[in-house]
Each structure stands twice: as structure tokens, then as C-alpha cells.
Asker: 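Take a look at this one; I'll ask things after.
Below, chains carry the letters A, B, ... as their sequence lines are ordered, and counting in each starts from 1. Excluded from the calculations below are hydrogen atoms, water molecules and symmetry mates; all remaining heavy atoms, backbone and side chain alike, are included. Bear in mind the structure is a predicted one, so any value in this text is a computation, not a measurement.
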Amino acid sequence: MAKSSDAKGLTPRAQDYPQWYQDVIREADLAEPAKVVKGCMVIKPYGYAIWEKIQRELDARFKDTGHSNAYFPMLVPQSFITKEAEHVEGFAPELAVVTHAGGEKLEEPYVIRPTSETIIGHFFAKWISSYRDLPMLINQWANVVRWELRTRMFLRTTEFLWQEGHTAHANHAEARSEVARMLDVYGDFARDVMAMPVIRGIKTETEKFAGAHESWCIEALMQDGKALQAGTSHDLGQNFGKAFDVKFQREDGELDYGWQTSWGVSTRLVGGLVMTHSDDAGLVLPPRLAPIHAIIVPIYKNDEQRARVMEAAERIKRTMQDIDFSDPRCRYRDFLTVEIDDRDMRPGAKFYHWERRGVPMRIELGPRDLDKGQICVKMRTGGDGKKEFLPEAEFLGSVRQRIDDYQQMLLDAAEQRMADRTVTLDTWEEFMAAFGNDDSTFAWCHWDGTKETEAAIKAATKVTVRCIPLPGQGPAPEPGLCIKSGRPSTQRVLMAKAY
RNA sequence: CGGGGCGUAGCGCAGCCUGGUAGCGCGUUCGGUUCGGGACCGAAAGGUCGGAGGUUCAAAUCCUCUCGCCCCGACCA
């Protein structure tokens, strides 16, 4: 149970990072543990609003890249799961199984989908018979269940929300370009929308998706130095094609199995968002994902003042809500969301309230401002943290830029932190120093490419190979010696402790 | 699943060792005064002490079991 915090503050990150993380979520009213359902959480309206923004952005990007949404059953015949050998092995331990329904024992149990490769494979087999049916580009927004031994809010819950893209292609090259393309969609989204820089790379054999030929990923650096796998894009090869008999006739007349991909991001992104930007005062949100962009706090001492202030507040709200801050890279229009907090509380209490919720911009509006025709504005974080006073017209003209600057500032800060906390290590002594105690960081190290060494490093330090960087994502490839075994290596890989 | 911690009012906690029938802070409700960084006064509501057994004249307190949460580990988005 959460303990050390009180109503007036959060546990400082330096004192207890995991506790701080929970405090932020609770104080920002993002979610709460369901308790009555093991390992599950309730995503509360404010937290869900963030997820909806993530969905909207990503969905637009999926549509832009030619994908269509569809929906497949949540219950999957148990026999489906067992068709792909590696897939069963990977998922068997975390399956929830439905054995009874309608008051009777089922002849064949259903598993609650941990992911949908199998059931979608089944339908792809029905839908695909010719190269003319390809590529098949499908996405599904869904919930999945994985019976994890240990859960953490947003980062790993028994049930979680995600999207899973599933595509089938006529040849491996095309499938691979899809894998790369969607990884870029994720990477760009993380950077441009979440203001969360990521490293794009390829998973090692041990870390790849159960059943995949190869797994690509984006890895983000959290404030405690740990890595968060924020998205994956899998080259499934023909593994599921063969398991589910997804056969099609090629242009040359020969029969072949479909080359498939799958890719996904989940509500885990919300956890990543929290651990990328938030501070000891609570949640910090990038404007592109903030449910509320600006909060107006009216200040008054009597009814006469209240009437004046509220009238002005409404006027400013209307003007601001018409400000279009759409991302030019996106199709849909986006306008600022502005709210007035007219609750019967002291202004100071309201300030803290909205700071904990990460609202990017605060406007204080009192009689003094009205008399001077000025606006008092303060951003949630960044700059010198001071309130600014400027003429109303000038303020309104600057809002769009302020919002954009704030988004950029969060990205800059996150990139700076990543740069500061990324090291290049060459010796095991350096390695142990960097990862001693509970410390973590992003470390570029040589690795001999073997599972044995990977396991030895993990056993000694809990550090894993997060990914083998894609071109341009890490130090330029150069030969070297494995940090652990001393054997030859052709390039450095990203190592860190992971969530 | 192993090790550790913890479940007492909406939230955060004390009480438990040394059984005697539940308390503090914040919040909530009502009234009033307040209002530019977490207001104050007055009144009030709110808990079968996670659940089930057991010991006892008597259990929040002792014992057993069980459910859940948090941290560490193994597994994973």
C-alpha cells in the first residue's frame, strides 16, 4: 500500500522513486488499483482522457499509413495458442483460461487473448488466397489479459488496453519495410507527441516476442535511469502463416505462406509519460496529450468582483478555445481546451490542485489584472518558474507559441536528460560502477552476441540488452571487445535495467 | 511463486508488543467570515478495524487460514 505521502505533497523522487510514481498517479487522479480484481487498475476519467488523446493521434497515423481498424474476439480457442511452438511457450504461463460458460463446462476452453496473432492468423487464412489480397493491413484497439506475477500501475497490469496492428504481405522484404515503417510511426509519435525521446532498435533473441522472427522496439529512458520498452514492431516471418495456413498464390503462380507483422503500444505509454516529464510537484503533461491546456483561476473578494472576473474569464476562455494548435503533420484539427476553476476554494489550493494534474498553463485573473488589462500567466514547469504579466491582447497572441514552446521545452529537457544519462562503457569495472546498487543508465557497450553472456550480465547486474540499435540510433558501428566476455563484437548495443 | 512490508473513516496514519469494545491530521456536509500560493470559526456526518475461523468472560490487539496491495527477485507491453 502507498504510505509515505500526505495530502500536502508527494514523496520526492530522490527519496523513493517507485513511491513517487504511485503518488503522482494518485494525486493527478489518473488511476487507482482495482484491488477487487487482482493486478487490475481503474483508469479514471483524467487518465483515460490522456489515453484517448494517444489513441486519436496514433489512430490517425495508422489510417495515414493505410491501415483499417477491425475487431476480433477476446476469447481465443485454446488450441489456437498452441499452434505456434514458440508462441505457446512464451505465453502459456500468463494465460487466463475460461473453462465454464452458460453454467456448463466447455468442451474446449477459451483463453482470454494475451495478444491476437493466433485468432487473427485464423481469419487471415480465410481472407487471403491471392497476392491480390495483399497486403492486408489491419489494426485493432483492444484489451488483453496477461497473468503477470507482478504488476505496476500502467506499466504492467493484468488487463491492459492497447492497439495491435496485424499485417500480411506477399514477401519478406515488404513485411520488413512495414515493420520499419510502423516502428517509425511509434518513434515519431513518442518524440513529437509525447515529447519522449526513444532509441530505435532490434531485440535480442532472448528479448524478442514469442513467435516472432525479429522484434523491433523503441526504448525510452525513465528518470531513474531505467529503460521502458515503449513500443514493439514484429517481423513474424512466416511463423504464423505456416501455423495457421495463411497460404496465397503468388504472382508467379506458386503457393506461398503469408509474411506477417504485428506491432503494438499500450496504456504503458501513460506510465512512460509520467516517468519522463513529471516532477516532485506532480504530473507534467506535454500539451499534445494534455486533456486541459490552460486553467483559469478567478480571484475575487466579493460578488461584484466575482461578476467582473468571471465575465472576463469566460471571454478569455472563449478566445483561447478557438486557438487552433493542430500539428501540421496531422490530419485532424486540434483546439485548446481551457477551463475555469470557479470552485469555492482559496486560489492557492487551486494552484496546487492543477499543478498536480500537470495542466501546462495557468492563468490567474483578478481585479488588479482587469484594471490593468493584463493577464497573469504561469507555465507548469520550465523557464524561471515566475508568473508573467502581460497585456491581454499580447498574451492571447502569444498563446499558440507558448504552447508550442512548452511542448518543445519538455522534449528538449527529456533529450538532455537522455544525453546526460547515456554513457559509453568499455570495461566491466566501469559497468559495475554504472549499474551498482539500484542505479541504471543507458549504456552503449560491446556484446559478443551470445545468450550466455546476456544471461551472465543479467545475473550479475539485472542489466539486459535493451536493443541492438538501428542505423543512426547509437554510436557508429565499430569493432570492439565484449564488456563481459572479452570476445569480439561488431557494434555497441544499448544496455540498461528495464521496467 | 520465493523474501520483506502493509491492510483501522474518502486519503494519510496512530492504537496491537503489555486483550477491556476505536482515535488523530487532512478531506466531506451545514452556517458564517474569507479569497493574488495549500484559510479560519462554529456545528455535524462518517469505521461490523481486508475476510473467515479459533482462543478468551472479552479480540483492531493473540493464533490459524485466506484475499489484496506495495517493495525486491524470477516472468513480461
Asker: Any carboxylate oxygen within less than 4.0 angstrom of a Lys/Arg side-chain nitrogen, looking at K462(A) and D438(A)?
Answerer: no
Asker: Please identify each residue that fulfils side chain to side chain contact (heavy atoms under 4.5 Å, CB included) with P12(A), with sequence neighbours left out.
Answerer: Q15(A), D280(A)
Asker: Compare side-chain N and O positions of Q22(A) against OP1 and OP2 of C69(B) and report whether any pair is under 4.0 Å apart.
Answerer: no
Asker: Do H234(A) and S215(A) meet the criterion of a side-chain donor-acceptor pair at a distance under 3.5 Å?
Answerer: yes
Asker: Which one of F72(A), F80(A), F240(A) satisfies the ring-ring contact (aromatic ring centres under 6.0 Å, His included) criterion with H122(A)?
Answerer: F80(A)
Asker: Between protein and nucleic acid, restricted to nucleotides 39-41 of chain B and to nitrogen or oxygen atoms under 3.5 Å apart, what atom pairs and distances do you find?
Answerer:
{"from": "A39(B)", "atom 1": "N9", "to": "R346(A)", "atom 2": "NH1", "distance (Å)": "3.3"}

Asker: Under 3.5 Å, is there an N or O donor on one side and an acceptor on the other linking the side chain of E355(A) and the base of G38(B)?
Answerer: no
Asker: Round to a whole Å and report the spacing from NZ of K350(A) to C1' of U34(B).
Answerer: 13 Å
Asker: Rounding to a whole Å, what distance do you find between M153(A):CE and G68(B):P?
Answerer: 17 Å
Asker: Does the ring centre of F154(A) sit less than 6.0 Å away from the ring centre of W51(A)?
Answerer: no
Asker: Distance check needed: C75(B) P versus Q229(A) CD, whole Å only.
Answerer: 15 Å
Asker: Given the C1' atoms of A60(B) and C13(B), what is the spacing between them in whole Å?
Answerer: 14 Å
Asker: Let me know the distance between CZ of F209(A) and P of A77(B), rounded to the nearest Å.
Answerer: 8 Å
Asker: For RNA chain B, which residues in residues 157-168 of chain A have a heavy atom at a distance below 4.0 Å?
Answerer: T157(A), F160(A)
Asker: Quick check on contacts: within residues 282-315 of chain A, what sits under 4.0 Å from RNA chain B by heavy-atom distance?
Answerer: I299(A), Y300(A), K301(A)
Asker: Regarding G264(A), tell me which of base, sugar-phosphate or nothing describes its non-hydrogen contacts under 4.0 Å with the strands shown.
Answerer: nothing
Asker: Please report, rounded to the nearest Å, how far the C1' atom of C1(B) is from the CD atom of E148(A).
Answerer: 14 Å
Asker: For E364(A), answer base if it contacts any base atom (sugar-phosphate contacts may also be present), sugar-phosphate if it contacts only those atoms, and nothing otherwise; contact means non-hydrogen atoms under 4.0 Å.
Answerer: base
Asker: Select base, sugar-phosphate, or nothing to describe what R152(A) touches, counting heavy atoms under 4.0 Å on all strands.
Answerer: sugar-phosphate
Asker: Whole angstrom is fine here: how far is it from OH in Y352(A) over to P in G36(B)?
Answerer: 12 Å
Asker: Tell me the partner of G20(B), counting only Watson-Crick (N1-N3 plus N6-O4 or O6-N4) or G-U wobble (N1-O2 and O6-N3) with both under 3.5 Å; none if nothing fits.
Answerer: C57(B)
Asker: Who does G46(B) pair with, Watson-Crick or G-U, both distances under 3.5 Å?
Answerer: none
Asker: Hunt down the Watson-Crick or G-U wobble partner of C11(B), both distances under 3.5 Å, from any strand shown, or write none.
Answerer: G25(B)
Asker: Quick one: salt bridge (Lys or Arg N to Asp or Glu O under 4.0 Å) partners of D369(A), sequence neighbours excluded?
Answerer: none
Asker: Output yes if the stacking criterion (under 5.5 Å between centres, under 30° between planes) is met for F351(A) over the base of G37(B), else no.
Answerer: no
Asker: Pick base, sugar-phosphate or nothing for L155(A), based on heavy-atom distances below 4.0 Å to the nucleic acid.
Answerer: base
Asker: Distance only, no hydrogens: is a donor on one side chain within 3.5 Å (strictly under) of an acceptor on the other, for R113(A) and T115(A)?
Answerer: no
Asker: Can you tell me how far P in A44(B) sits from the matching atom in C35(B), rounded to whole Å?
Answerer: 28 Å
Asker: With respect to the phosphate group of C69(B), does any side-chain polar atom (N or O) of K38(A) fall under 4.0 Å of OP1 or OP2?
Answerer: yes
Asker: To the nearest angstrom, how far is L149(A) atom CG from G68(B) atom P?
Answerer: 13 Å
Asker: Output the rounded distance in Å from CG (D16(A)) to C1' (C6(B)).
Answerer: 14 Å
Asker: Got a sec? Which of residues 377-391 of chain A come in under 4.0 Å of RNA chain B, heavy atoms?
Answerer: K378(A), K387(A)
Asker: Could you let me know what C1(B) is paired to, Watson-Crick or G-U wobble, both distances under 3.5 Å, or none if it's on its own?
Answerer: G73(B)
